[in-house]
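Shown next, in structure tokens, is the structure this report addresses.
Ligands are counted one by one from 1 in listed order, and the atoms in each one are counted from 1 as well. For clarity, every value in this text was computed on a predicted model and none was experimentally measured.
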Amino acid sequence: MRALRGLPVEHTPVWFMRQAGRSLSEYRAVRARANLFEIVRSPALAAEVTIAPVTRLGVDAAILFSDITVPLAAVGIELEIVPGVGPVIAQPFREPADLGRLRSFEPERDAPYVGDTVRLLVHELEVPVIGFAGGPFTLASYLIEGGPSKTHARTRALMYSHPDLFRDLLAALAGIALASLRAQALAGASALQLFDSWVGVLDPGSYSRNVLPATVSIFDGLRDLDVPTVYFGVGTGELLGRMGTAGSDAVGIDWRVPMEAARARLPSGLAVQGNLDPVVCLAPWDVVRERALRVLRQAGPAGHVFNLGHGVLPETDPETLRRLVDLVHGYGYGQGHLTEPLVRS
Ligand code: 1CP
């Protein structure tokens, strides 16, 4: 929490996006008995898979086990998580009238299991719990495309053809994200991350006109809670300067942008999170180590939370992640300068 606020820390904290996913045998064992939504809707199972990477990897934070599509399902959008594919929406949004299918989200009524899971985790864990929600562009893309997409072509076509309708949709989705994040914070989450994973497909002007206002409304709506926030997307190199004005405390950086360049593009004072290429974790340890040190050196001693540039790949060896945690923890900061590792991994 101190790192997200840019305050001095003893060592850079570390967690991994998708740390609770398929790379862990603990997760695969639970998943063999229950599907994704069954896990999410069972506080005991969701807490079990959330806690597994904290125990196994020694990370400094837990991220609630859920999915960005959970609030959509909770307001009655029919969807399924198809193994090997991702979220698939039964009736994609294709007409103005479809906007009427998005009602407002009341977390404690529509998805009480989320708050219950957060409360259980806060009770069980010593490390902070990170809550999260899907960003408005990414959720809009799943609704419009009907599932995962490489180009997000229908989504961008709707944005160009019907900008008012598109902005109304994003405003409604921002309302859902805000309600979801507030409920998680009120249940005890220590930090909140907005995953607008696919927003990097937009040019800066389209982003500023169509996505930034809805995003600002989310961070504005969280301010009174005084919970640190992270704003993350993939392929956002050209958008970082603008994303930095959305009102979060930190911005998540993917692996394409060197940390020094990211810092230069962001307004000063913002913290950064990231940004080791997840694929590096499939390389020999010496490479992992060298690349991780580069991230640490470039990000500097303050206002950095170590993470990957995107989620852990399912084929990652958890032992590599555990060694990475030790490596990050082993670096101390003498008078603001990176020193040699205190722990040899
Ligand atoms: O059935 C399974 O096990 C499938 C894999 C899986 C998992 C483990 C999905 C389907 N969702 C999740 C859980 C999940 N999703 C978490 C909690 C786990 C953790 O981080 O430790 C989180 C934070 C998410 C968030 C999420 N879901 C994002 C944002 C993060 C990101 O990766 O960019 C996105 C885009 C989704 C959609 C989604 N859900 C599942 C998949 C395979 C996808 C991506 C599909 C696509 O490529 O569009």
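- Against a heavy-atom cut-off of under 4.0 Å, F195 is close to the following atoms of ligand 1: 23 (C), 29 (C), 30 (C).
- Close contacts between ligand 1 and I81 involve ligand atoms 10 (C) [criterion: under 4.0 Å to a heavy atom].
- Under the 3.5 Å distance criterion, the side-chain polar atoms of R289 are left unmatched by any main-chain donor or acceptor of R323.
- For Q19, a nitrogen or oxygen atom sits less than 3.5 Å from a nitrogen or oxygen atom of ligand 1, counting backbone and side chain alike.
- Here V85 has backbone heavy atoms under 4.0 Å from ligand 1, and that is the only part of it that gets that close.
- With respect to atom 19 (C) of ligand 1, the closest heavy atom belonging to the protein is R18 CA, 3.3 Å.
- Heavy atoms of other residues, nucleotides or ligands lying less than 6.0 angstrom from CD of E319 number more than 12.
- Aromatic rings of F65 and Y27 (six-membered ring for Trp) have centroids within the 6.0 Å cut-off, being under it.
- V272 and A299 make their closest contact through CG2-CB, 4.5 Å (heavy atoms, listed as atom of the first residue, atom of the second, distance).
- Set against the non-hydrogen atoms of R31, the atoms of ligand 1 under 4.0 Å away are 1 (O), 2 (C), 3 (O).
- Note on L169 and L212: same hydrophobic cluster, where clusters join Ile, Leu, Val, Met, Phe, Trp and Tyr whose side-chain heavy atoms are under 4.5 Å apart, directly or indirectly.
- Atom 3 (O) of ligand 1 has Y27 OH, 2.5 Å as its closest protein atom, hydrogens excluded (heavy atom only).
- Taking a 6.0 Å sphere around CZ of R291, one finds it holds 12 or fewer heavy atoms contributed by other residues, nucleotides or ligands.
- Near H310, with a cut-off below 4.0 Å to any heavy atom, the atoms of ligand 1 are 31 (C), 32 (O), 33 (O).
- Considering G135, P87, P278, P148 only, the shortest heavy-atom separation from atom 38 (C) of ligand 1 involves P87.
- Near I63, meaning under 4.0 Å from one of its heavy atoms, ligand 1 places the atoms 19 (C), 20 (O), 21 (O).
- At under 3.5 Å, not a single nitrogen or oxygen of T138, backbone or side chain, sits near a nitrogen or oxygen of ligand 1.
- Side-chain polar atoms of T12 and H304 form no donor-acceptor pair below 3.5 angstrom.
- Of all protein heavy atoms, the one lying nearest to atom 23 (C) of ligand 1 is F132 CZ, 3.4 Å.
- Protein heavy atom at the shortest distance from atom 7 (C) of ligand 1 is L36 CD1, 3.6 Å.
- Looking only at protein heavy atoms, the nearest one to atom 34 (C) of ligand 1 is I68 CD1, 3.5 Å.
- Per-residue contacts place S197 under 4.0 angstrom from the following atoms of ligand 1 (heavy atoms of the residue considered): 29 (C), 30 (C), 31 (C), 33 (O), 35 (C).
- Across all non-hydrogen atoms, the minimal contact from L327 to A292 is CD2-CB, 3.8 Å.
- The nearest non-hydrogen atom to atom 42 (C) of ligand 1, considering only G84, G21, G86, comes from G86.
- R256 CZ: more than 12 foreign heavy atoms inside a 6.0 Å radius.
- Listed here is the closest heavy atom pair of G244 and L270: O-CD1, 3.4 Å.
- From the protein, the heavy atom lying nearest to atom 11 (N) of ligand 1 is D67 OD1, 2.8 Å.
- Here atom 17 (C) of ligand 1 lies nearest to S66 when heavy atoms of S66, A20, A46 are compared.
- One hydrophobic cluster holds both L165 and Y160 under the rule that ILVMFWY side chains link at heavy-atom gaps under 4.5 Å.
- F195 and F232 have perpendicular rings, their planes meeting at more than 60° on a 0 to 90° scale where under 30° would count as parallel.
- Of all protein heavy atoms, the one closest to atom 5 (C) of ligand 1 is R22 NE, 4.0 Å.
- Only the side chain of Y142 comes within 4.0 Å of ligand 1, judged by heavy-atom distances.
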